Amino acid sequence: MGRQVSPSRGPKPRRRIRLTAPEYRELKRISRLRTAPYAEVVRAKILLWAYEHPDWSNVAIARAVGCTDRTVRKWRSRSRAGPAYQDAPRPGGPRFFPLRGPRASDRPRLYVAPGRG
């Protein structure tokens with residue numbers, strides 16, 4: 001994760017991130033993926049930096065990852081029960097898009113006379 005960041009700026013975190021060995025390996029794997037959704041990779045990096053550098057502030061982790069300290073605070077607080085790096089399920093039912101106009105099977109077909117086309 002290469003970049004040197006000063007850990008001194010901002011308040012110290014109140015709670016430490018705790019990870020088991022399989023959770024740590026999974027977050028490492030996700031943070032290295034190139035085809036994963038960008039938001040998941042950033043969240044995995046946030047949790048890894050918070051675990052590997054428990055004395056760093058949210059501002060220092062945000063600089064190292066390339067996001068805002070507000071994002072770091074959000075994902076640190078969500079991961080208190082375990083490493084949560086995925087979005088929460090959306091409320092309500094699935095989206096429904098009603099058909100507009102007649103369906104393709106109901107439309108009149110174009111008639112082409114034999115020998116003309």
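Atoms considered below: every heavy atom in the structure, side chains included; atoms not considered: hydrogens, waters and symmetry mates. As the structure is a computational prediction, the values presented were derived from the model and not from experiment.
Between the CD atom of Glu52 and the CG atom of Leu19 there is a distance of 9.0 Å, given to the nearest 0.5 Å. Between the CD1 atom of Ile46 and the NZ atom of Lys74 there is a distance of 9.5 Å, given to the nearest 0.5 Å. In this structure, CD1 in Ile61 is found 8.0 Å from CD1 in Ile17, a value given to the nearest 0.5 Å. With rounding to the nearest 0.5 angstrom, the CZ atom of Arg63 is 12.5 Å from the OG1 atom of Thr68.
Scanning both residues, Leu33 and Val41, for their nearest heavy atoms gives O-CG2, 4.0 Å. In this structure, Glu40 and Ile30 approach most closely via the heavy-atom pair O-CG2, 3.9 Å. Contact detail for Ser31 and Lys45: the closest heavy-atom pair is O-CE, 3.6 Å.
Classification of the Trp49-Trp56 ring pair by plane angle, with boundaries at 30° and 60°, yields parallel.
In this structure, the side chains of Trp75 and Val42 stay at 4.5 Å or more apart for every pair of heavy atoms. When side chains are defined from C-beta on, Val65 does not count as touching Val72, because their heavy atoms never get closer than 4.5 Å.
Under the rule for a side-chain hydrogen bond (donor to acceptor under 3.5 Å, both in side chains), the partners of Thr20 that lie at least two apart in sequence or sit in another chain are Glu23. Applying the side-chain hydrogen bond (donor to acceptor under 3.5 Å, both in side chains) test to Arg73 and every residue at least two apart in sequence or in another chain returns Asp69.
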